[in-house]
Participant: 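Please read through the structure below; I'll follow up with questions.
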Amino acid sequence: MTATFYATTPIFYVNAEPHIGHAYTTILVDVAARYHRLAGDDVRFLTGTDEHGEKIAKAAEAAGTTPQAYVDQVSQQFRDTWDRLGITYDGFIRTTESRHQKIVQDVLQRVYDQGDIIYGEYGGLYCVKCERYYTEKELEDGKCPQHDLEPEYRSEANYFFRMEKYRPWLKEQLETNPNLIRPEGYRNEVLAMLREPIGDLSISRPKERVPWGIPLPWDEDHVTYVWFDALLNYWSDLESQGLDDRYWPHVQHFIAKDILKPHGVFWPTMLKAAGIPLFQHLNVHGYWLVEDRKMSKSVGNVVRPLELEQRYGNDAFRYFLLRDMSFGLDASFHELGLAERINADLANDLGNLLNRTLGMLGKYRSGVVPSFGPLTAEDEALRDAFTSLPNAVMREVEGLHFDRALAMVMEAVAAANKYVSDQKPWELAKDEAQSERLDTVLRGCLEALRCASILLDPVMPGKMQELRAQIGVSGDVILDDASHWERLEAGSATEPGEPLFPRVDLEALKATMDVAGGSEEASEAAAPALEHKPEITIDDFAKLELRVGTITAAEDHPNADRLWVLTVQVGPETRTVVSGIKAHYTAEQLVGTTVILVANLAPVKLRGVLSQGMILAAEDAEGNLSLAGLDRSLPDGSEVR
RNA sequence: GGCGAUGUAGCUCAGCUGGUUAGAGCGCACGACUCAUAAUCGUGAGGUCCGGGGUUCAAGUCCCCGCAUCGCUACCA
C-alpha cells in the first residue's frame, strides 16, 4: 500500500534573483519528495513563480521591456537555479499562465456569488494629513490626535474578502488539529493572531493603477491583488490538470516563517470560503542567519551561501543545510561550520569508510565482491544497525526532523567504522585460515555502504549514485533495498574512484578568512542604481529651514520604546524633537551632539508627544544610521543652506 | 508598549508527557592501530542547564518575577 505525498514550496516573487531563503525551502521539499519517492509513495512536488503586481510592472519598465518578457526571463532564472541544485519538482506553475488565471477567476466568482467578497465601502474616518484611516477609538473628541482635525469619511475603491467571518472556524480547526501548523510554536502564533479580529482582506487594486494582474471576473476595472492570485496556485496547478482528487487530500505546504500570516490565516479562510478542503499541514521553517565575515560591515562582505554551494558541491551543501538546521528554528550559516561538517561527516566518516573498504578489497580480493560466511554477533549487530533504519528515517522525515534522520544514518556509519577497527581485516588477511572471515567482514562493509547510500540518496543524489557505482551497483534503488543486507552480487567487480568527498583544508580556510576579511569580494558587488525623486528647483529647496542645533537632553518616550524625546537648543529657542533613533544612539552619545534640524517642519504629535522638527541622519541599505553634523564648530541656531 | 521565540560543555545544538551520577557532534589532551582522504578506534578534561523565587518525594523539564538576544507589531516627520 503506497501513500500519497503532495508538497509545495511558496511560489517565488520574481522581483529578485533566487537566494538562500528560496533555495532552502525548495531543497527541503525536494528532499522530502525524494524520500517519499524512494519509499514508493505517489509524489507530487510543486513550485513556481509569482509574476503579477505593480513592482514587476515597474521593474519591467525600468529594464526597458514588457512585463511578460521580464517575468519570462526571471522565472527561467529560478528554474535554472533549481536545475543546478538538483531539484526534482513535478510541477512548475506560473501565475501568468492562462490555466491559473482561469481558475483564479472561477474561484473569485464563486466566492463573490456567495457574498463573501464585497465592495470596499468600509472605508472609514480618514485624516487627510495623516493619509490614513482611524477607528473611533483612536480619535480624540472625534478628531485626529495628531492634527486635531475632523477626519472625513472616505471609502476605498477595493474589494474585500470577508475573512473575519471565518475566524471562529479557523480557530476551531487549529484547536482540534494540533498538527495543522507545525512546529507547535507557529501554531501558537497563529492562534494568537486569531484572538483578536483579523479584519477583512483587501483583494483587489484598480486596474488603472496596476494593469499587470488578473481582472476580477465581475468588474474589469479591478485586478486581483496578490492573495487570491498567488496562494491559489497550490490548487490551480492540480485542478487545471484534473489531479485534484488524487493529490489535494494530501497537500502540505512548506514555508519560511516570514509568510506565516498569509498561509496560516488568509489561505485557510480562503479555502473555506471557496469550498475547498483545508490543507493537511503547514510546515514552517526558520531562517538561515548569514553572518558577516570578520570585521568589515561594508556591502559585499557578506558570505553568499549560493556561492558556497558551487565551491563545496551541491550534495555537501544540501547535506549541511538539512543536517545543521532543526526544523522551525533559526540556524546560523558559517562557511567554517559547513567545512567542518563536510570533513567530519562526509570525508572522515562516510567517504573514508568507502575508501578504506575498497582499498582493502582491492588489496586482498582484487576488488571483487565476496560472499558472506556465517555471521557472528558483531556482524549481525552491524546489519541490524542499518536494516532498521529505513523505517526510523522515514518516521523522522515525516515529522520534519531531517537533522535527526541524518544523524541516525551517520551513527550507523560510525558503527561501521568501529566494526572495521574491531574486526581488523588487515590481520585476518595475514592468515589464510581466516579467509572466509575476511570475506564476511569486507562484505559487511560493502553492504553497510550500500545501505547508507540509499538512506542518504534523497539528500545527496549525485554523490550517493557515485558511491554505488564504486561498489558496483547501478540502476535505480528503492528504500526497501536498505532493509535487506544481502543485495550485492558476489563476484561482481567494484570500481574504486576518486575520494567521494575531499577534505577541506580548514587551516587554509581560516587563513583566507583572516586575511581577506571580505575585501576581495567587496569590490565586485555592483551597487544597485540609485532611485531618484522628482527634480526640484532652488525655490523648492529654499522652503526648507535647516538649522544647527545642540542636543541638551534625551529622555525616554512615555509611550513608545523606540523613540527618544530630545531637547534641542537652536540659538535662543529650545525645541522638543521626537526621533526614532533609539536603536542606534544612547542618551550619552546624543547629549552634547551637534545636529541639523529641519526647523520649519509642521509640529506633529508622535504617540502623544509634540515634536517640533526633525533631525537629519543618513541611513545605508542595511539600516545603519549616522547623524548629520558639522565638520567644524558653529554656534547653534546657524542656518544650513 | 503588545505578542512570540530563544538562552544547556570552547563551538553548533539534542533533551517528548518532570524521575537514576545532564547528553551528542565538532574542537582539545592522551593512548591504540595502520586498511584508509594526517583518516579510524578508545579514554579523558570541560557545564551554578541565563538569574531569583515557588510547586513537588523529585525540575534543564511545571508556575511566577526578572535579565539578555532575536523576530513580528505599534511607532520611527
Side-chain angles (χ1 to χ4, degrees), chain A residues 129-130 138 146 183-186 188-193 195-196 257-258 260-261 286-287 289 323-326 328-334 336-364 399 401 403-404 406-407 410-411 413-429 438 441-442 445 496 498-506 556-564 577-584 597-598 601-609 611-617 619 623 625:
Chain A
K129 288 218 170 161
C130 299
E138 289 173 304
Q146 294 219 354
E184 199 186 358
Y186 295 105
N188 292 338
E189 268 190 51
V190 173
L191 277 168
M193 293 175 198
R195 277 203 291 270
E196 289 178 17
K257 65 183 185 181
D258 58 328
L260 177 60
K261 192 169 183 180
Y287 292 147
L289 308 173
R323 178 65 186 81
D324 272 40
M325 175 179 273
S326 74
L329 302 176
D330 292 348
S332 32
F333 192 107
H334 294 251
L336 200 57
L338 168 64
E340 283 175 348
R341 184 59 85 185
I342 290 173
N343 280 357
D345 289 9
L346 301 182
N348 295 353
D349 286 357
L350 179 60
N352 189 47
L353 178 64
L354 173 68
N355 208 41
R356 67 199 301 210
T357 300
L358 291 184
M360 289 186 283
L361 197 71
K363 203 175 290 183
Y364 309 140
H401 301 296
D403 54 333
R404 287 190 212 165
L406 295 180
M410 292 314 300
E411 242 175 74
V413 169
N417 274 316
K418 181 171 164 49
Y419 173 82
V420 175
S421 322
D422 289 347
Q423 302 306 318
K424 300 183 172 56
W426 50 93
E427 286 186 5
L428 298 175
L438 177 61
V441 169
L442 293 176
C445 293
E498 290 297 300
L500 212 50
F501 299 100
R503 279 180 61 81
V504 180
D505 185 340
L506 292 182
D556 293 334
H557 192 292
N559 202 18
D561 55 349
R562 274 160 66 170
L563 304 181
W564 280 121
V577 175
V578 177
S579 182
I581 57 176
K582 200 162 181 179
H584 303 89
L597 182 83
V598 183
L601 195 65
V604 113
K605 245 189 198 177
L606 292 173
R607 288 194 77 77
V609 174
S611 182
Q612 306 159 304
M614 160 183 181
I615 284 173
L616 299 187
E619 181 177 14
L625 277 196

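All chains are named by letter (A, B, ...) in the order of the sequence lines, taking the proteins before the strands, and each is independently numbered beginning at 1. Everything quoted here is computed from the prediction, not taken from an experiment. Atoms considered below: every heavy atom in the structure, side chains included; atoms not considered: hydrogens, waters and symmetry mates.
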Participant: Pick the P atom in B/rG4 and in B/rC26, then give their distance to the nearest Å.
Facilitator: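 Comparing P positions in B/rG4 and B/rC26 gives a spacing of 38 Å.
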Participant: Only pairs with both distances under 3.5 Å count, Watson-Crick or wobble alike; so what is the partner of B/rG1 in this structure?
Facilitator: B/rU73
Participant: Looking at B/rA14, I'd like to know if its phosphate oxygens (OP1 or OP2) sit under 4.0 Å from a side-chain N or O belonging to A/Arg404.
Facilitator: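 So the side chain of A/Arg404 is outside the cut-off, no N or O lying under 4.0 Å from OP1 or OP2 of B/rA14.
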Participant: Without decimals, in angstroms, what is the distance between A/Met360 CE and B/rC35 P?
Facilitator: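 The answer, rounded to whole Å, is 9 Å.
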Participant: For A/Pro425, report the nucleic acid contact type (base, sugar-phosphate, nothing); a contact means any heavy atom under 4.0 Å.
Facilitator: nothing
Participant: Using the side-chain heavy atoms of A/Glu189, tell me which of these nucleotides is nearest: B/rG4, B/rU37, B/rG15.
Facilitator: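 So the nucleotide nearest the side chain must be B/rG4.
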Participant: Can you check whether A/Asn355 reaches A/Phe501 side chain to side chain, under 4.5 Å on heavy atoms?
Facilitator: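 No, side chains not in contact.
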Participant: With RNA chain B as reference, determine whether A/Arg341 or A/Asp403 sits nearer its 5' end, using the nearest nucleotide of each.
Facilitator: A/Asp403
Participant: Nearest whole angstrom, please: distance from the P of B/rC75 to the CG of A/Leu563.
Facilitator: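 The distance from CG of A/Leu563 to P of B/rC75 comes to 10 Å, rounded to the nearest Å.
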Participant: Quick one: does A/Asn352 reach the base of B/rA39 with a side-chain donor-acceptor pair under 3.5 Å?
Facilitator: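 Flag unset: no donor-acceptor pair detected.
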Participant: Taking atom P of B/rC35 as reference, at what distance in whole Å does atom CD of A/Gln423 sit?
Facilitator: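 So the CD-P distance, A/Gln423 to B/rC35, works out to 17 Å.
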Participant: Taking only side-chain N and O atoms of A/Lys257, does any of them lie within less than 4.0 angstrom of OP1 or OP2 on B/rG4?
Facilitator: no
Participant: Hunt down the Watson-Crick or G-U wobble partner of B/rA68, both distances under 3.5 Å, from any strand shown, or write none.
Facilitator: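 The answer is B/rU6, by the H-bond criterion.
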Participant: Choose from B/rC33, B/rG42, B/rC26 the nucleotide whose nearest atom is closest to any side-chain atom of A/Trp426.
Facilitator: B/rC33
Participant: What is the distance from CZ of A/Arg503 to C1' of B/rA39, rounded to the nearest Å?
Facilitator: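 In whole Å, B/rA39 C1' lies 7 Å from A/Arg503 CZ.
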Participant: State whether A/Asn348 places a side-chain N or O below 4.0 Å from either non-bridging phosphate oxygen (OP1 or OP2) of B/rU40.
Facilitator: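 So the side chain of A/Asn348 is within the cut-off, an N or O lying under 4.0 Å from OP1 or OP2 of B/rU40.
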Participant: With the side chain of A/Glu427 defined as its heavy atoms from C-beta on, choose the nearest nucleotide among B/rU40, B/rA36, B/rU34.
Facilitator: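 Ranking B/rU40, B/rA36, B/rU34 by closest atom to the A/Glu427 side chain puts B/rU34 first.
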Participant: Of A/Pro502 and A/Asp422, whose closest RNA chain B nucleotide lies nearer the 5' terminus?
Facilitator: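 In this pair, the answer is A/Pro502.
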Participant: Go ahead and name the base partner of B/rU34; Watson-Crick or wobble counts if both distances stay under 3.5 Å, otherwise write none.
Facilitator: none
Participant: Within the structure shown, what part of the strands sits under 4.0 Å from A/Ala414 by heavy-atom distance: base, sugar-phosphate, or nothing?
Facilitator: sugar-phosphate
Participant: For the side chain of A/Arg356, counting heavy atoms from C-beta on, which of B/rA36, B/rU12, B/rC41 is nearest?
Facilitator: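 Nearest nucleotide to the side chain: B/rA36.
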Participant: Given 3.5 Å as the limit, does a donor-acceptor pair link the side chain of A/Asp349 with the main chain of A/Val413, or not?
Facilitator: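 No, A/Asp349 side chain to A/Val413 backbone: no donor-acceptor pair under 3.5 Å.
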Participant: Applying a 3.5 Å limit to both distances, which nucleotide forms a Watson-Crick or G-U wobble pair with B/rG18?
Facilitator: none
Participant: What integer number of Å spans the C1' atoms of B/rA74 and B/rG10?
Facilitator: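 41 Å, rounded to whole Å.
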Participant: For A/Gly351, which contact category applies under a 4.0 Å heavy-atom criterion: base, sugar-phosphate, or nothing?
Facilitator: base
Participant: Figure out the CE/C1' separation between A/Met410 and B/rA24, and round it to whole Å.
Facilitator: 14 Å
Participant: For a quick check of understanding: with a heavy-atom distance under 4.0 Å over all strands, which category does A/Gly613 fall into, base, sugar-phosphate or nothing?
Facilitator: sugar-phosphate
Participant: Heavy atoms from C-beta onward define the side chain here; which of B/rA77, B/rC33, B/rU40 lies closest to that of A/Ser579?
Facilitator: B/rA77
Participant: Given B/rU40, B/rC35, B/rU37, identify the nucleotide with an atom nearest to the side chain of A/Val420.
Facilitator: B/rC35
Participant: Let's test this: given Watson-Crick or G-U wobble pairing with both distances under 3.5 Å, identify the partner of B/rC28.
Facilitator: B/rG44
Participant: Classify A/Asp349 by what it touches in the nucleic acid, base, sugar-phosphate, or nothing, heavy-atom distance under 4.0 Å.
Facilitator: sugar-phosphate
Participant: Could you tell me whether A/Ile615 contacts a base, only the sugar-phosphate backbone, or nothing, with contacts defined as non-hydrogen atoms closer than 4.0 Å?
Facilitator: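 The answer is nothing, as A/Ile615 stays clear of every strand by at least 4.0 Å.
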Participant: Taking atom C1' in both B/rG47 and B/rA9, compute the distance separating them and give it to the nearest angstrom.
Facilitator: 5 Å
Participant: Check whether any side-chain nitrogen or oxygen of A/Thr357 sits under 4.0 Å from OP1 or OP2 of B/rA36, and answer yes or no.
Facilitator: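 Indeed not, no polar side-chain atom of A/Thr357 lies that close.
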Participant: Does A/Tyr287 reach a base, just sugar-phosphate, or nothing at all? Heavy atoms under 4.0 Å.
Facilitator: nothing
